[in-house]
Amino acid sequence: FGWQNQSIVESSFDLWLDGYKGGIPEKKVSIYNRGALLSLCMDLMLRKSGSSLAKVMKDMWEKFGKTQIGYGLGDFEKLVVSHTKEKESMTDFFRDFVWGKNDLLPFLKSLLTTINIELLENFENNDLLHFFGIRKEESGINTQLHPNAEAYNILMKNDRILDHDTINTSGNQVHLKIERLGRTIPIILPKCQKMYFPKFILQTNGNHRSSLHGLIGA
């Protein structure tokens, strides 16, 4: 959820300053995961104009790498925009998702449909994760709490869940027994109407070969 608090540009700068130290939870966005998704989106947008991210990177090398003159992010944006016929859309993309903090998921879903790939959300086989927003290791240690779930206000990261009662979709709460700093604490959590932490599945619609070609250019 770091994308809600910092743009990838801001997180890149912070990473350069702070390194890979653990900091405030959900403050930074992952420059690797988000960067890969942004690159995928740019590539799919460029392909609609007969170009690609690979062609952009080749031009970057010719203009800035081989000449050893260096470049800034603004130079990269201008070159990407020059490679597309939909210049306003690409400029908006940089404003919203590179410089900005907009939710990328709906935009990514819409782009994938252009190559007949549907991004589905699955909420099966992990009730604590999906109904209560609690991500934990096999040992029971909480590693992440969804900021919109009630668990976020009651539990703490690194609490260890010792036991919980059986959860089913018709129940409206879960009874937990947690270990926190050497103490055992009983906790009751209400089940929320919203579901959390979906598992994403890519599904091709129609011709599988054409979908793969659209995704990786194979």
Side-chain angles (χ1 to χ4, degrees), residues 1-21 23-24 26-121 198-218:
F1 302 99
W3 63 268
Q4 297 176 343
N5 301 309
Q6 281 193 342
S7 69
I8 192 170
V9 175
E10 293 168 325
S11 288
S12 297
F13 191 76
D14 271 4
L15 186 64
W16 180 64
L17 290 175
D18 302 338
Y20 293 91
K21 297 177 184 177
I24 300 170
E26 319 295 359
K27 181 188 177 224
K28 298 178 190 175
V29 63
S30 167
I31 65 169
Y32 300 105
N33 294 342
R34 183 118 174 141
L37 293 175
L38 290 171
S39 298
L40 172 61
C41 289
M42 275 189 281
D43 192 45
L44 291 175
M45 294 173 74
L46 288 164
R47 285 174 186 275
K48 290 194 291 184
S49 296
S51 186
S52 69
L53 189 56
K55 292 179 181 178
V56 168
M57 297 310 294
K58 184 176 180 180
D59 269 5
M60 285 293 293
W61 164 247
E62 294 292 339
K63 294 178 185 295
F64 301 104
K66 187 186 289 187
T67 58
Q68 297 186 5
I69 63 174
Y71 65 94
L73 181 54
D75 298 314
F76 177 69
E77 179 179 350
K78 288 178 184 176
L79 190 59
V80 173
V81 171
S82 73
H83 270 252
T84 179
K85 298 172 185 176
E86 301 177 358
K87 301 187 185 308
E88 186 176 348
S89 295
M90 188 64 79
T91 299
D92 290 345
F93 172 81
F94 271 84
R95 181 198 65 206
D96 293 340
F97 305 115
V98 178
W99 301 101
K101 298 177 285 189
N102 286 21
D103 186 358
L104 185 63
L105 184 58
F107 187 73
L108 175 61
K109 284 183 175 180
S110 67
L111 276 179
L112 287 173
T113 61
T114 65
I115 55 171
N116 297 316
I117 293 180
E118 189 175 5
L119 186 60
L120 304 176
E121 298 182 15
K199 295 181 180 179
F200 292 101
I201 300 169
L202 291 175
Q203 176 177 289
T204 58
N205 295 323
N207 188 296
H208 292 244
R209 186 177 295 275
S210 66
S211 297
L212 185 63
H213 177 81
L215 186 62
I216 64 174

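Using a 4.0 Å cut-off between charged nitrogen and carboxylate oxygen, Lys55 and Asp59 do not count as a salt-bridge pair. Using a 4.0 Å cut-off between a side-chain N of Lys or Arg and a carboxylate O of Asp or Glu, Asp75 and Lys63 do not qualify as a salt bridge.
A pairwise comparison of heavy atoms in Asn33 and Ser30 identifies N-OG, 3.1 Å as the closest pair. In plain terms, the two heavy atoms of Leu108 and Cys41 that are nearest each other are CD1-SG, 3.8 Å.
Considering only residues two or more places apart in sequence or on other chains, Ser49 meets the side-chain hydrogen bond (donor to acceptor under 3.5 Å, both in side chains) condition with Thr84. Lys58 meets the side chain to side chain contact (heavy atoms under 4.5 Å, CB included) test with no other residue; sequence neighbours excluded.
Distance check: Gln6 CD to Ile31 CD1 gives 11.5 Å after rounding to the nearest 0.5 Å. Rounding to the nearest 0.5 Å gives a distance of 5.0 Å between CD of Glu86 and NZ of Lys48.
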Name each donor-acceptor pair under 3.5 Å that joins a side chain in residues 91-106 to protein atoms two or more places apart or in another chain, with its distance.
from	atom 1	to	atom 2	distance (Å)
Thr91	OG1	Lys87	O	2.9
Asp92	OD1	Arg95	NH1	3.2
Trp99	NE1	Glu77	OE1	3.0
Asp103	OD1	Leu105	N	3.1

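For Phe200, the CZ atom counts as densely surrounded, since its 6.0 Å shell holds more than 12 non-hydrogen atoms of other residues, nucleotides or ligands. Around atom CD of Glu62, more than 12 heavy atoms belonging to other residues, nucleotides or ligands sit under 6.0 Å away.
Here the side chains of Asp14 and Lys27 are in contact, with some heavy-atom distance below 4.5 Å.
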